[in-house]
Amino acid sequence: MSFPLLTATAAVPAVGAILTAAVPAARRTAAKWLALTVSLVTLVLAGIVFARFEPGGDRYQLTESHSWIKDFGVRYELGVDGIGVALIALTALLIPFVILAGWHDADPLETQSKRWRPTQGFFALILMVEAMVILSFEATDVFLFYILFEAMLIPMYFLIGGFGDRAHSGTDENAAAQRSYAAVKFLLYNLVGGLIMLAAVIGLYVVAGNFSLTEIAEARASGSLEMASSTEKWLFLGFFFAFAVKAPLWPLHTWLPNAMGEATAPVAVLITAVVDKVGTFAMLRFCLGLFPEASKWATPAIVVLALISIVYGALVAVGQRDIKRLVAYASISHFGFIILGIFAMTSQGQSGATLYMVNHGISTAALMLVAGFLISRRGSRLIADYGGVQKVAPVLAGTFLIGGLATLSLPGLAPFVSEFLVLVGTFARYPVAGIVATTGIVLAALYVLVLYQRTMTGPVKEEVRSMPDLRPRELAVVTPLIALLLFLGVFPKPLTDVVNPAVRHTMSDVQRTDPQPEVPVQNVEAAK
């Protein structure tokens with residue numbers, strides 16, 4: 001039996017979470033280093049998965065399959081395609097930076113008991129989320145995916161509610177109440193989506209007789225599985241609703257600004273750059289893969305919702321007074337682009353959407369983590385409390401600017417490539433939708449540049465006059481992220497080579513081909 005590489009990639013952070021939680025209360029620093037070491041080992045394993053994946057090979061590779069609940073046809077079945085490989089690499093890459101950035105975020109307060117172990121719990125929960133997210137990108141059994149999809153809510157609930165942002169303008173009681181509200185709202189929204197998905201999972205089993213994604217796809221392709229049109233539409237809606245909550249897609253997005261605003265900056269990155277990608281990934285793997293006809297039926301409505309997300313998220317971001325909530329609404333706009341690319345049903349759109357998931361994760365991590373360093377120095381999330389930071393902390397201001405420019409998809413930085421592909425793919429099939437989506441680019445430039453102007457330029461406010469610049473640990477977090485943004489901005493080929501074959505499989509699932517140019521090439525040549 002070959003080495004179970006996919007299982008190991010998820011098992012290492014899961015075991016690491018248990019060991020980190022078991023570290024004695026007095027050994028907080030040891031718990032931090034243990035968590036960081038585990039995350040780096042996971043990154044190495046994810047790198048091996050990426051290196052061993054053959055873009056021109058089988059659709060699902062490094063597969064593992066074992067009987068689990070035999071009476072119900074549930075199997076522990078894993079496999080990765082190019083999209084899954086890219087997102088596993090993103091997850092494993094970001095977690096070490098999340099841990100480094102949150103190095104002191106869970107240190108116990110002076111008022112807490114010496115036997116209280118928030119540090120161990122904080123880093124153990126992060127590793128547990130990593131394990132579940134990676135395994136969800138690997139799962140090819142629908143029931144296994146559903147369990148992971150729901151289970152990751154538990155550690156996220158405690159990370160939001162139990163380890164909230166200490167930079168709060170209100171009283172401690174008010175801050176605790178807002179953290180609790182944000183955590184409960186996050187949990188309820190996602191639980192409702194998950195329960196609706198559970199009904200659809202059961203319905204799929206009744207129709208197909210098993211939970212295997214590959215077996216169901218093969219049965220549909222061969223014609224041995226017949227699914228009534230109405231049944232397929234209802235099952236699609238059950239899955240899509242849950243994924244749209246997680247994504248988050250307007251109007252199911254309202255939990256995200258609360259969760260990101262009240263969480264620490266590293267946990268906010270974990271939410272939007274890692275966990276939320278499970279929703280958009282699942283749209284590609286399960287909605288389009290299992291219900292191709294229903295996906296085409298629902299496309300017009302989903303495209304409209306994606307456009308609303310793009311414009312609405314950007315407009316609300318322009319008017320924000322809270323730095324973290326601004327980044328949250330910007331993310332809602334960016335997820336609109338991702339979903340638009342998926343349901344444009346073109347190879348450029350879906351390739352761009354997958355790249356957008358990766359590039360958005362890196363750019364949002366860079367911007368949010370630098371914003372977190374800024375907020376920790378001043379003790380406030382309000383934009384109005386800053387001014388002139390670039391004069392006292394130029395490196396902090398410079399990295400903040402690069403993160404912001406990546407967020408607005410400046411050419412030369414990684415998000416530009418993905419956003420360009422999404423727009424090209426959308427224009428090819430839905431030109432009006434493409435025109436509307438471009439307004440999100442203009443608005444992104446507005447909210448990013450206004451944010452930078454109000455916080456970093458102008459007269460130096462007295463409260464920021466003694467603000468220190470980035471420290472070595474913080475530079476170790478930000479520098480690699482900026483390097484990646486630059487590298488993938490000018491050379492995205494390592495990702496596109498892996499992603500494009502998986503996109504072709506998805507396009508084949510929904511029986512779509514790219515629209516042909518209205519003017520044939522030979523006519524263009526003749527006109528010359």
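- Contact check for Phe240 versus Phe291: no side-chain heavy atoms found under the 4.5 Å cut-off.
- Between Phe163 and Phe158, the ring centre distance reaches or exceeds 6.0 Å.
- Looking at Ile441 and Leu423, their side chains come closer than 4.5 Å, going by heavy atoms from C-beta outward.
- Nearest heavy atom pair, residue Pro251 against residue Leu305, reads CD-CD2, 4.5 Å.
- A salt bridge does not link Arg75 to Asp141: none of the charged nitrogens lies less than 4.0 Å from a carboxylate oxygen.
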Practice prompt. Apply side chain to side chain contact (heavy atoms under 4.5 Å, CB included) to Met260 and Val269, showing your working.
Written response: CA-CA 8 Å; Met260 288 185 65; Val269 170; over 6 Å; no
Discussion item. Please evaluate residues Thr42 and Ile95 with respect to the criterion side chain to side chain contact (heavy atoms under 4.5 Å, CB included), reporting the C-alpha separation (whole Å), side-chain torsions for both, the decisive distance (0.1 Å), and the verdict.
Written reply: CA-CA 9 Å; Thr42 305; Ile95 296 301; over 6 Å; no
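- The aromatic ring centres of Phe186 and Tyr157 sit 6.0 Å or more apart.
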Discussion item. Checking Leu488 against Val417 for the side chain to side chain contact (heavy atoms under 4.5 Å, CB included) test, could you report, in this order, the C-alpha distance in whole Å, the side-chain angles of both residues, the deciding distance, and whether it holds?
Written reply: CA-CA 8 Å; Leu488 294 176; Val417 179; over 6 Å; no
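- If you check the side chains of Tyr356 and Thr280, you find no donor sitting under 3.5 Å from an acceptor.
- Geometrically, Lys246 engages Phe149 in a cation-pi contact, judged by NZ or CZ lying under 6.0 Å from the ring centre and within 45° of the ring axis.
- Only one option out of Thr140, Thr9, Thr63, Leu144 pairs with Leu78 in a side-chain contact (heavy atoms from CB on, under 4.5 Å); it is Leu144.
- In this structure, the side chains of Met152 and Val133 come closer than 4.5 Å at one or more pairs of heavy atoms.
- Considering all non-hydrogen atoms of both residues, Ile310 and Gly440 come closest at CG2-CA, 3.8 Å.
- The ring-ring contact (aromatic ring centres under 6.0 Å, His included) contacts involving residues 424-454 comprise nothing, where partners must be two or more places apart or lie in separate chains.
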Practice prompt. Just do the side-chain hydrogen bond (donor to acceptor under 3.5 Å, both in side chains) check on Glu130 and Thr91 with the steps written out, would you?
Written response: CA-CA 7 Å; Glu130 179 183 24; Thr91 303; over 6 Å; no
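- Here the straight-line distance linking atom OH of Tyr312 with atom CG of Leu307 works out to 16.0 Å at 0.5 Å rounding.
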Worksheet item: Could you walk me through whether Ser229 and Glu293 pass the side-chain hydrogen bond (donor to acceptor under 3.5 Å, both in side chains) check?
Response: CA-CA 8 Å; Ser229 177; Glu293 295 304 318; over 6 Å; no
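- With contacts defined as side-chain heavy-atom distances shorter than 4.5 Å, the pair Met132/Pro13 does not qualify.
- The environment of OH in Tyr76 is crowded: more than 12 heavy-atom neighbours from other residues, nucleotides or ligands sit within 6.0 Å.
- Minimum heavy-atom separation, Ala328 to Pro257: CB-CA, 3.8 Å.
- Ring to ring, Phe337 and His360 are not that close: their centroids are 6.0 angstrom or more apart.
- Taking 4.5 Å as the limit, some side-chain heavy atom of Asn190 sits within range of a side-chain heavy atom of Trp255.
- Heavy atoms only, all atoms of each residue included: Leu443 and Ala314 are closest at CB-CB, 3.5 Å.
- At a threshold of 4.0 Å, the pair Arg381-Glu262 counts as salt-bridged, since one of the basic side-chain nitrogens sits closer than that to a carboxylate oxygen.
- When all heavy atoms of Ser347 and Met507 are compared, the pair lying nearest together is N-CE, 3.7 Å.
- Contact annotation: the side chain of Ile302 never approaches that of Met283 to less than 4.5 Å [non-hydrogen atoms, C-beta and beyond].
- Nearest heavy-atom pair across Leu485 and Ala406 is CD1-CB, 3.8 Å.
- At a cut-off of 3.5 Å, with distance as the only test, no side-chain donor of Gln320 or Tyr329 sits close to an acceptor on the other residue.
- In the displayed structure, Arg454 atom CZ is contacted under 6.0 Å by at most 12 heavy atoms of other residues, nucleotides or ligands.
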Item to complete: Apply side chain to side chain contact (heavy atoms under 4.5 Å, CB included) to the pair Asp276 and Leu256, showing each step before the final yes or no.
Response: CA-CA 10 Å; Asp276 287 353; Leu256 182 66; 3.6 Å; yes
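- Once rounded to the nearest 0.5 Å, the distance linking CE of Met368 with CD1 of Ile271 reads 8.5 Å.
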